[in-house]
Amino acid sequence: MAAPLTLLLIVAVTIRAVLFRSSLAELIPERVEVVSPLNAWKRVVEGLALLDLGVSPYAGDVFHEVSPLSIPLNESNTSIHPSIMADALTAVALYLAVKDYNKTVFRKQKYALEAERYPLDCLELIRTPKEMYYIPLKVAMFYLLNPFTILSCVAKSTCGLNNAVIALFILCTVKGSSLMSAIFLALATYQSIYPLTLFAPALLYLLQRLYIPVNWQRSSFWLFTTQYTFMYLGSLCVMVCLSFFLLSSWDFLSSVYGFILSVPDLTPNIGLFWYFFAEMFEHFRLFFICVFQINVFFYTIPLSIKLKEHPIFLIFMQIAIISIFKSYPTVGDIALYMAFLPAWNHLYRFLRNIFLVSVVLLACSALFPVLWHLWIYAGSANSNFYYAITLLFNVAQILLVSDYFYAYLRREHHLTHGLYLKRKDGSEATLVLK
Amino acid sequence: MVKEADHVPDTMQTPDVPPPTPAKDQFQEELVIRPLHSGDIYASFQFRTMWDTDFLRGSKVSHYRLFPKSLGQVISKFSVRELHISFTQGYWRTMQWGQPFLPSPPGAELWVWFQDTVTDVDGAWKELTNVLSGIFCASLNFIDSTNTVQPSASFKPLGLGNVTDQRFLRYAVLPREIVCTENLTPWKKLLPCGSKAGLAVLMKSEKLFHSSFHSQALHFRPVCQDWKCKSTVWELRQTLNVVFDLHTSGQGKREWSLFKMFSRTLTEACPLASSSKVYVDVTDNPQGELFELSPTTPLLSQAVVLGDRRTYSVYDLTNQATFGQTRSLNMLLRWRAAESAPPHHDARYVAGYGLQTGEIHTLMYNNHPYRAFPVLLLDTVPWYLRLYIHTLTVTSKGRDNKPSYIHYQPSKDRLRPHLLEMLVQLPPNSVTEVTMQFERALLKWTEYTPDPNHGFYVGSSVISALVPSVVAMDTNSTRECPLFSSFFPCKEESSYFMRVYTEPLLVNLPTPDFSMPYNVICLTCTVVAVGYGSLYNLLTRTFQVEEPSPGLAKRLANIIRRLRGVPLL
């Protein structure tokens, strides 16, 4: 499988290199759908220019990156830009992670089959190695050849770097190395706060891998949990302190984390926050900031309880929820969770809205630049048009995520109760959620 | 000058009736350009159509050649002997501009001499004003008995005829009438060539109405056919007088050309015109020392106008050679004046398009021929225009000019603005351009002014310079000197301190829709609720096989059975 992956990497790098040399390389970094005030390359360059002038980059309101990561980015003058390398790294990490995960899935399935836990009529739901053979390659392909990823890479957005860190975190979790997993998770949280919610699924997966049951009374559970928590918090503290020592001030806390949480910059993007807070009554602003931020973290506990046997799907759900409800989303964040969709190929038969969702996503992606141009350049539309497409885009994403969740739960239900269910009178039954 | 009508014998007629002379209409056009002392320029168009017809004897006129039919029918229907109508915008300033060739009052003025065969002059006057109101798209229908008079001595007939009974004269003026393109278009249509050829191509409304004074008039009267005055012909004169202002149309520069005045040049004479000439008044410029007229023309003519003998350079448009190689005639009058530029001046503007980004350009001019001097540029830019200091470029004479001192304080959203101070050395006789890119922010809806589409102002840049002085300055501050020369302290002899403020900028920001706060809150919360609702459903509910609910009869039966304690259906 190394050969097709290498071929895929070469194709992806070629596409990105070609786009870098074309005239699109000036247009794409300006697009608000692709870059946000948090991860724009222009702002990184600006921060470094401020540093050159002897002013702290956090003295103004332009630079919102955590500095140690951006400085090596600018120093590199190689022909292959770091964002291309980050993309390649992400793809390879996802490939290896999904490959390992497939092995785990197949092993669990084998044990369940031997224990005769599945009803006889749902054998067609069982996954075969043949069908699962190409999934890692498809995952890497979905990530590398996704137009969203390519746009994000050509824009030199640091979102590619964030995605790489999260992908490495997933790889380390799947491989079972809890220290590396904690370090990468701390790095991801250090860059933007939201990956904090990935702590629960990572913990669940590692517990599952070490055969420690999730039981409040068991001491082994608490031992491992405290171990992992300490590793995570320790790495996080080390990183924060390193940042402090780099610029000898705590400015970056309010510039980076305060900025993410309090949303002062209302630059339009594909998310829900900007127009909401542009039109918010002053009196309720704090209340709704809290509501919207809690909304991102709120689903962690219920989802962890429901999906405690399926932590990788939980990671997918969490990344999707972060991408939709975070304060400054970009298309690069969407590309990360969309890369996982081939791993859930077997759920296709239970998806209900996939046609509608894909058409709406395609149409909205096409309409974003059109309505932006009409508002900002032509002056014939106003902000409501762009806002409407934002709403539609997010509704489509929410539908996509909930559809996959529904399909996953339904398949689990069928695996326990049988595929062809009958009513009391023997006729074919329909399943509903009650 | 009138040509003699040719007599063409008509063999169809009987010999004892004199053969009617065939109608020989004639059209002449002329433009006079007169530069005025105040720097403005006065252009006067005159178009004369001679109509050789005899509708007085009752014969119905049915053949129109050069004379406009719409006007001819009106004149013959209402038996008008003389018609004078003018539409004017602006007031003629005699003190600054001298005398006009054809005076007219502001608003609309109409005076008419009817033929003595008209019995009901008032009725004819009412109908005539209404018809003219339709022809000229003007509200002449407001002329009624409340503003009509019959002057006894001031408005004698200007044409032939000895009728002096004021009963046949009517005079009215509408001072409130506005002149616009709607009045110019039908007026132009009365010309034989329309506005397609000849001098009328210059009459484009976007330039004509952007002037200090504009007057279009129409004069109809009977005149002698030639100097022998054996027969009368009807003359229609259409005149257009316009005065272009030095500052509004001339942009402050004392240089006038046909293109600058009318945004058109002349390419041909009207083919129907027997004479087409342009006259430029060069009386004040005998040796060419005041202004320079190009292209040069050998034709010179003198005329007695308004009691004074004036000299004119003449351009004959019927002569193809006037148009030269380029086949277009654009006369240029350029005043010779010694203009000295100050040693240092600045300008600032915003470049770029759209509401997302922009660029601030500051231009600093050093007009001293050989001395360079330093300037300190201070820019205060509000926080909602996010400046990017890495895009700052300073160029002089096409090359990079690195400032020796830069102090930059970036802005903090809603707290403080940007501050940029730079020390730049301006090389002699050069323009230094400072450019910087910025991004426009979207503000909260309460942070916009009540007129958000007016834009937001950016204060002037302050440029403090040490300009080299022409004479040695006095550093002794105790000596007695007038107040106006002693404000800024003088530290050295060879240069003085000067502060220049550039233009403020007006920048538009993208605006949200201000009528939408409640709607936006509802819609966004709906989307969040859609997410919450679907996840809540999937998290709290489980899959169950759906049992169809039994019919109404069965449900009632079940209730009764439950009460009886008997197993249900």
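Computed over heavy atoms, backbone and side chain alike; hydrogens, waters and symmetry mates excluded. Order of the sequence lines sets the chain letters (A, B, ...), proteins ahead of strands, with each chain counted from 1.
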Review point. With a 4.5 angstrom heavy-atom cut-off, which part of B/T357 approaches chain A: side chain, backbone, both or neither?
Key: side chain
Point to revise | Largest heavy-atom contact set with chain B, pairs under 4.5 Å, which of A/D265, A/N394, A/L303 | key: A/D265
Practice item. Report the distance from atom CD of A/E279 to atom CG of B/L523, rounding to the nearest 0.5 Å. Key: 11.0 Å
Exercise for review: For chain A, find which of B/F543, B/Y408, B/Y353, B/Y388 contributes the most heavy-atom pairs closer than 4.5 angstrom.
Suggested key: B/F543
Practice item. Any chance you could measure B/D413, atom CG, to A/L266, atom CG, to the nearest 0.5 Å? Key: 9.0 Å
Practice item. Could you tell me which portion of A/M280 (side chain, backbone, both or neither) has an atom closer than 4.5 angstrom to a non-hydrogen atom of chain B? Key: both
Practice item. Decide if atom CD of B/Q544 counts as having more than 12 heavy atoms of other residues, nucleotides or ligands within a radius under 6.0 Å. Key: yes
Point to revise | Among B/T511, B/N537, B/T391, B/L415, residue most engaged with chain A (heavy-atom pairs, under 4.5 Å) | key: B/T511
Review point. Can you check side-chain contact (heavy atoms from CB on, under 4.5 Å) on B/V528 and A/V291, steps first, answer last?
Key: CA-CA 10 Å; B/V528 174; A/V291 166; over 6 Å; no
Practice item. Count the heavy-atom pairs under 4.5 Å between each of A/Y386, A/F325, A/F405 and chain B, then report the option with the highest count. Key: A/F405
Review point. Using non-hydrogen atoms only, which part of A/F288 is less than 4.5 Å away from chain B: side chain, backbone, both, or neither?
Key: side chain
Practice item. Flag the pair B/R386 and A/E46 as a salt bridge only when some basic side-chain nitrogen lies within less than 4.0 angstrom of an acidic carboxylate oxygen. Key: no
Check your understanding: With ring centroids as reference points, do B/Y518 and A/F281 lie under 6.0 angstrom apart?
Key -> no
Check your understanding: Can any side-chain N or O of B/D513 pair as donor or acceptor with the backbone N or O of A/N384 at less than 3.5 Å?
Key -> no
Check your understanding: Closest heavy-atom contact between A/E282 and B/T446?
Key -> OE2-OG1, 3.9 Å
**Study point:** Exceeds 12 heavy-atom contacts within 6.0 angstrom, atom NZ of A/K306
**Key:** yes
Practice item. Tell me, for B/T542 versus chain A, whether the close heavy atoms (under 4.5 Å) come from the side chain, the backbone, both or neither. Key: both
Review point. Any side-chain heavy atom of B/P410 within less than 4.5 Å of one from A/L50?
Key: yes
**Study point:** Under 4.5 Å from any heavy atom of chain A - which part of B/R440
**Key:** neither
Point to revise | Interface moiety of B/L443 toward chain A, non-hydrogen atoms closer than 4.5 Å | key: backbone
Revision key, fill the gap. Bottom line for A/R410: the part with an atom under 4.5 Å from chain B's heavy atoms is both
Study note, to complete from the structure: Bottom line for A/E30: the part with an atom under 4.5 Å from chain B's heavy atoms is both
Practice item. Enter the distance from B/N508:CG to A/I376:CD1 here, rounded to the nearest 0.5 Å. Key: 11.0 Å
Exercise for review: Please look at B/E447 and chain A and tell me whether the side chain, the backbone, both or neither of the residue comes under 4.5 angstrom of a heavy atom of that chain.
Suggested key: neither
**Study point:** CG-NE2 distance between A/L53 and B/H390, expressed to the nearest 0.5 angstrom
**Key:** 12.0 Å
Study note, to complete from the structure: For B/G531 and A/Y299, the nearest pair of non-hydrogen atoms, with its separation, is C-OH, 4.1 Å
Point to revise | Interchain contact, A/I305 with chain B, by part (heavy-atom threshold 4.5 Å) | key: neither
Review point. Using non-hydrogen atoms only, which part of A/F298 is less than 4.5 Å away from chain B: side chain, backbone, both, or neither?
Key: side chain
Review point. Is B/W383 close to A/D61 at the side-chain level, that is, under 4.5 Å between some pair of heavy atoms?
Key: no
Review point. Would you say the side chain of A/Y275 lies within less than 4.5 Å of the side chain of B/T524, judging by non-hydrogen atoms?
Key: no
Study note, to complete from the structure: Bottom line for A/I398: the part with an atom under 4.5 Å from chain B's heavy atoms is side chain
Check your understanding: So with a 6.0 Å cut-off around NZ of B/K397, is the heavy-atom count from everything else above 12?
Key -> yes
Study note, to complete from the structure: Here the gap from B/S534 atom OG to A/L399 atom CG, rounded to the nearest 0.5 Å, amounts to 7.0 Å
**Study point:** Interface residue of largest heavy-atom contact number with chain B, from A/F284, A/F273, A/W372, under 4.5 Å
**Key:** A/W372
Review point. If we only count heavy atoms from C-beta on, is the A/H417 to B/V545 side-chain gap below 4.5 Å?
Key: no
Practice item. Write down the atom of B/R416, the atom of A/A59, and the distance for their closest heavy-atom approach. Key: NH2-O, 2.9 Å
Point to revise | Under 4.5 Å from a heavy atom of chain A, the part of B/Y536 involved | key: neither
Exercise for review: Pick one of side chain, backbone, both or neither for A/L272, based on which atoms fall under 4.5 Å of a heavy atom in chain B.
Suggested key: both
Check your understanding: Is it the case that more than 12 heavy atoms not belonging to A/L356 sit under 6.0 Å from its CG atom?
Key -> yes
Exercise for review: Quick one: which of A/F292, A/W375, A/Y387, A/F277 has the most heavy-atom pairs under 4.5 Å with chain B, could you say?
Suggested key: A/Y387
Study note, to complete from the structure: Taking every heavy atom of A/W274 against every heavy atom of B/L442, the minimum-distance pair comes out as CE3-CD2, 3.6 Å
Practice item. Please look at B/L387 and chain A and tell me whether the side chain, the backbone, both or neither of the residue comes under 4.5 angstrom of a heavy atom of that chain. Key: backbone
